[in-house]
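Taking it in order: structure first as structure tokens, then the write-up.
Here the structure is a predicted model, which is why all the values come from computation and not from measurement. All heavy atoms count here, side chains included; hydrogens, waters and symmetry mates do not. Residue numbers begin at 1 in each chain, while the letters A, B, ... track the order of the sequences.
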Amino acid sequence: MEDINNSLSTEDSILVKKSKWLVMHLKKEWQLYLMLAPTIIWFIVFLYKPMYGLQIAFKDYSVFKGITSSPWVGLEHFYTLFDNDQFIRAIQNTVMISGASLIFGFPVPIILALMFNEIINPKFKRTAQTIVYLPHFISAVIIAGIVITAFAPSTGVINLMLNAMGYDSVYFLTKPEWFRTIFVGTGIWQEAGFGSIVFLAAVAGVNPSLYESAVVDGASRFQMMYKITLPCILPTILIMLIIRIGNILEVGFEMIIMLYQPATYETADVISTFIYRQGLQAAQYDLAAAAGLFNAVIAFLLVITANTISKRVSKTSLW
Amino acid sequence: MSTVKLKNLVKSYGDVTVVQGINLEVKAKEFVVLVGPSGCGKSTTLRMLAGLEEISGGEVSISDRVINDVAPKDRDVAMVFQNYALYPHLTVAENIAFGLRIRKVPKDEIRKIVADVAETLELTPLLERRPADLSGGQRQRVAMGRAIVRHPKVFLFDEPLSNLDAKLRTQMRAEIKQLHKRLGVTSVYVTHDQVEAMTLADRIVVMSAGKIEQVGTPMELFNSPANTFVATFIGSPPMNLIEATAEVSDAGCYALFEGQRCLLPTLSQLSDGEEIIIGIRPEYIEIEPVADATAIDVKIDLVETLGSEALLHCKFLDKPFVIKVETHGQLTHLENLNKLYFRQNAITVFDKKTTNAMIASDKK
Amino acid sequence: MSFKENMNLYSKGDKAFVYLNMFLVAMFTISTLYPFIYVASLSVSLGDAVTAGKVVLTPVDFTLAAYDKVLSDPAFWTSYANTFIYTIGGTIVSLLIIVPGAYALSRPQLAGRKYWNMMIAFTMWFNAGMIPFFLNMRDLGLLDSYIGIIIGFACNAFNIILLRNFFEAVPASFEEAARMDGANDFQVLWQVFIPLAKPALATITLFCIVARWNGFFWAMVLLRDESKVPLQVYLRQIITQLTDDDTFASTLITASYSYETVSSAIMICSIIPVLLIYPWVQKSFNKGIMLGGVKE
Ligand SMILES: Nc1ncnc2c1ncn2[C@@H]1O[C@H](COP(=O)(O)OP(=O)(O)O)[C@@H](O)[C@H]1O
Ligand SMILES: [Mg+2]
């Protein structure tokens with residue numbers, strides 16, 4: 001009996017001690033918690049509360065009953081999704097478009113960074129950089145507007161050129177076979193310049209004495225670029241590549257929404273545009289939420305994997 | 001005037017106790033230096049005193065008021081940081097005035113006080129500059145200015161000179177000393193540099209591994225180190241230590257090592273055959289015979305000249321042994337030296353087991 | 001690296017390499033610039049000339065008719081004003097939330113700091129997605145409201161982490177010195193950390209401004225009321241209606257302007273403010289972005 005009492009009282013005293021500490025701590029540092037509060041509240045209200053709402057992926061969601069009272073339906077929406085050719089197509093398109101962006105788009109900023117590094121005239125370099133970074137800061141709507149204008153059948157510059165070369169006009173944006181090329185090309189045009197910043201920073205970190213000793217050894221500029229700069233920024237390249245692969249489900253869907261049309265859904269419809277149409281346009285919230293959950297879980301796993309790998313890579317490759 | 005008292009002061013991080021019960025009393029107007037190797041807990045002690053670090057155990061009081069739970073700003077202490085912590089976006093004048101402005105001192109008064117402080121520290125022409133445009137010594141002075149402007153009860157310094165080059169350090173050391181003389185504010189100063197400690201301190205506190213090894217005036221530490229740690233930490237080059245065996249007889253106490261026999265001060269607690277360490281300062285070794293000195297055979301391996309002085313390097317029991325002598329402009333006679341003279345009173349005897357000094361050798 | 005600047009020391013092959021490289025960079029730069037020039041030229045060309053397919057690079061039959069048309073449309077001005085409201089209001093709210101939050105998260109004395117930070121970072125890896133977010137906004141009654149757009153997108157993990165890393169890198173002694181001088185948390189933040197973090201803050205502010213200026217998807221989804229939509233949504237309506245709906249397009253065709261010139265003119269009107277702040281954007285991300293951004 002006494003033992004129990006003793007242990008209880010020590011437990012109590014630990015609790016008392018802890019709460020005493022907390023009171024003291026809050027008295028001293030309350031300002032800090034006041035500063036933190038808006039951030040935490042914001043994250044809870046706008047990011048964590050929707051996670052609670054994700055349960056409609058397993059429910060027959062009715063607007064009138066609300067999230068909590070709608071009846072459970074288990075995995076029904078997922079079965080529906082995987083029976084849906086459009087959803088399967090959207091997954092395929094997502095991977096295809098992302099993959100193409102990766103394969104064709106990933107090397108460009110690296111090459112650009114290497115090329116910037118070889119420019120001697122600082123004014124020329126600064127001007128060129130200023131210009132190539134710019135498209136990153138232009139909205140998807142405008143970029144899409146430019147694409148639509150430039151590819152317009154009778155007045156767009158692309159078709160005018162084709163006509164001048166003796167070809168007929170092509171209705172590019174209605175042709176499924178052209179969609180990926182246009183989308184990926186636009187993406188590269190918009191982001192390659194800005195993407196080079198990371199690699200330029202890596203290039204700037206290369207020890208200059210490496211170049212100096214190479215000059216003494218009589219290496220040419222191209223050899224230095226190929227044999228010194230490139231290997232030195234390889235860790236950065238590797239990490240960026242891993243990150244990109246981890247984000248493979250992320251497609252610039254704002255741009256797709258702007259550029260695609262029913263005629264091109266065949267190649268253009270990706271998971272997020274599918275969710276947008278099913279959920280926000282057709283109000284099939286539960287089904288779309290299921291698609292979103294599927295997407296989010298896969299993306300989460302990919303990102304975590306990529307992160308783990310990149311941490312390992314960056315640790316071992318840090319000199 | 002303010003005193004500082006540390007009573008059984010303890011600091012632990014989780015399971016690691018980095019300050020293990022410090023007891024110290026700093027008298028009013030005293031300049032106390034905490035010195036010890038890097039990581040021994042000096043900064044932690046100072047920061048507990050400043051209120052920047054929570055106290056795990058024990059008591060800190062200033063002017064007999066316990067201040068364990070008093071916020072740093074209400075302790076009325078000012079601190080000079082190692083990196084000065086000058087705000088780069090503020091001018092020198094604004095940096096000095098920062099604390100006054102926070103405390104809502106009226107503008108006119110601030111201007112007057114800052115002008116006074118600037119005058120004291122010879123910063124007047126620099127008041128409108130920013131820290132980035134100052135030299136290391138000037139920045140150091142601004143940091144001091146920021147500390148003295150509030151007329152605190154206690155000054156705390158955490159390695160304030162370690163970012164300066166050697167020459168500037170010597171100069172700033174002198175300035176700090178003078179400033180202390182002029183203002184007479186109780187000061188606690190942390191450094192790992194024993195030279196700084198020796199030159200600045202009224203009293204030195206030698207620390208190692210979170211504990212106090214010895215407290216005393218610079219000369220007390222130099223002449224009567226309490227243990228081998230203090231003996232080797234204070235003084236440059238450090239005290240020479242030789243492991244030896246005691247021989248006690250009616251004829252007196254002797255140390256036996258490498259087949260030599262050296263007369264020791266008479267120590268009652270010494271017993272025959274006891275393992276001891278004898279310590280002798282490089283400066284206190286004679287190269288000419290003198291009274292009460294034992295001649296020791298030696299072979300000099302190397303002579304290092306410092307100009308007026310020279311360091312002679314040799315070995316006893318395969319351990320380096322250094323002698324510091326005056327050259328009188330001559331070196332040749334030193335290289336061929338084969339006898340050293342250890343004066344009886346210049347030798348400190350340490351218990352080999354505890355490494356504590358058996359008794360202070362008589363003051364030189 | 002003076003050898004790098006001194007071309008005279010270069011071998012023939014190196015010189016050729018340098019010039020070829022310059023040429024290629026110039027080509028890339030021009031191809032980046034060209035679409036903007038093209039759109040600008042369209043916007044100031046005569047409608048007929050555009051319809052006839054004469055505009056390829058420079059304006060043909062210069063006219064500001066398209067701008068007249070755009071600027072005389074009240075819907076354009078409404079949406080333009082809305083964009084300013086969303087951009088300015090949104091940026092201010094973002095900073096009011098992010099700056100104190102990042103400061104608190106950067107302080108070692110914050111209890112459970114690791115867990116708060118994990119809570120923030122987790123949202124970078126996983127989010128509920130479009131539908132639950134939309135339903136949440138609806139349940140909060142934030143559809144069709146200025147407040148919804150301004151508050152609903154005020155924060156993101158990236159900006160907080162960027163700024164938090166910057167604050168963490170400020171030597172502890174800056175805070176300690178200010179505290180000993182009697183400053184409280186708000187004073188430390190306002191008088192010490194914010195001035196010290198100016199480059200990072202500038203970067204985040206500009207990112208916020210650009211994101212707000214350019215944002216269209218959620219504005220399109222959440223706003224039904226035409227009088228509240230921002231410029232990007234208005235522009236999207238014009239552009240998509242042009243492609244979807246021939247009759248609408250035909251209403252825009254006259255001799256002096258065509259739908260191409262009109263939509264180009266709106267695009268230019270939307271780009272100009274971005275161009276105006278772009279010099280600051282560039283300056284700040286050159287030094288700011290790398291400071292906190294890379295170390296996660
Ligand atoms: N926040 C901390 N957490 C854990 N250990 C610490 C912390 N701060 C300091 N220490 C440890 O405390 C010991 C004493 O540090 P310090 O007082 O800074 O030494 P110094 O004497 O060099 O000023 C060191 O071993 C250090 O590693
Ligand atoms: Mg220290």
Choice from [options] maximising heavy atom contacts with chain A below 4.5 Å:
{"options": "N127(C), V56(C), N184(C)", "result": "N184(C)"}
{"options": "I271(C), I151(C), L189(C)", "result": "I151(C)"}
{"options": "G152(C), S264(C), A211(C), G215(C)", "result": "G152(C)"}
{"options": "L24(C), T29(C), L105(C)", "result": "T29(C)"}
{"options": "V55(C), D139(C), I120(C)", "result": "I120(C)"}

Is it the case that [X] and [Y] place a side-chain donor and acceptor less than 3.5 Å from each other?
{"X": "Y103(C)", "Y": "D185(C)", "value": "yes"}
{"X": "Q187(C)", "Y": "Q31(A)", "value": "no"}
{"X": "Q261(A)", "Y": "T174(A)", "value": "no"}
{"X": "S154(A)", "Y": "N159(A)", "value": "no"}
{"X": "T149(A)", "Y": "E260(C)", "value": "no"}
{"X": "T68(A)", "Y": "Y52(A)", "value": "yes"}
{"X": "H77(A)", "Y": "Y61(A)", "value": "no"}
{"X": "H136(A)", "Y": "E191(A)", "value": "yes"}

At a heavy-atom separation under 4.5 Å, does [X] approach chain C through its side chain, its backbone, both, or neither?
{"X": "L34(A)", "result": "side chain"}
{"X": "S272(A)", "result": "both"}
{"X": "A192(A)", "result": "side chain"}
{"X": "L114(A)", "result": "neither"}
{"X": "V303(A)", "result": "side chain"}
{"X": "V147(A)", "result": "neither"}
{"X": "I131(A)", "result": "both"}
{"X": "L200(A)", "result": "neither"}
{"X": "L160(A)", "result": "side chain"}

Tell me, side chain or backbone of [X] under 4.5 Å from chain A's heavy atoms, or both, or neither?
{"X": "Y234(C)", "value": "neither"}
{"X": "I30(C)", "value": "neither"}
{"X": "V25(C)", "value": "both"}
{"X": "A111(C)", "value": "both"}
{"X": "D14(C)", "value": "both"}
{"X": "L96(C)", "value": "neither"}
{"X": "V274(C)", "value": "side chain"}
{"X": "M130(C)", "value": "side chain"}
{"X": "N156(C)", "value": "backbone"}
{"X": "R236(C)", "value": "both"}
{"X": "Y38(C)", "value": "side chain"}
{"X": "I266(C)", "value": "neither"}
{"X": "L110(C)", "value": "both"}
{"X": "A154(C)", "value": "both"}

Parallel under 30°, tilted from 30 to 60°, perpendicular over 60°: which one fits the rings of [X] and [Y]?
{"X": "F36(C)", "Y": "W189(A)", "value": "tilted"}
{"X": "F133(C)", "Y": "F153(C)", "value": "tilted"}
{"X": "F17(C)", "Y": "F222(A)", "value": "perpendicular"}
{"X": "Y133(A)", "Y": "F116(A)", "value": "perpendicular"}

With rounding to the nearest 0.5 Å, note down the distance linking CG in N136(C) to CG in L54(A).
-> 11.0 Å
Rounded to the nearest 0.5 angstrom, the CD1-CG distance for I257(A) and L280(A) is 8.5 Å
Residue pair Y278(C), F137(A): steps toward the ring-ring contact (aromatic ring centres under 6.0 Å, His included) verdict = CA-CA 8 Å; Y278(C) 186 59; F137(A) 296 96; 5.8 Å; yes
So which of [options] has the largest heavy-atom pair count under 4.5 angstrom toward chain C?
{"options": "T130(A), N121(A), I138(A)", "answer": "T130(A)"}
{"options": "T127(A), N295(A), L134(A), V45(A)", "answer": "L134(A)"}
{"options": "G53(A), S220(A), G292(A)", "answer": "S220(A)"}

Do you know the tightest heavy-atom contact between Y48(A) and M119(C)?
-> OH-O, 2.5 Å
State whether Y285(A) and R138(C) meet the cation-pi test: NZ (Lys) or CZ (Arg) under 6.0 Å from the six-membered ring centroid, and within 45° of the perpendicular axis.
-> yes
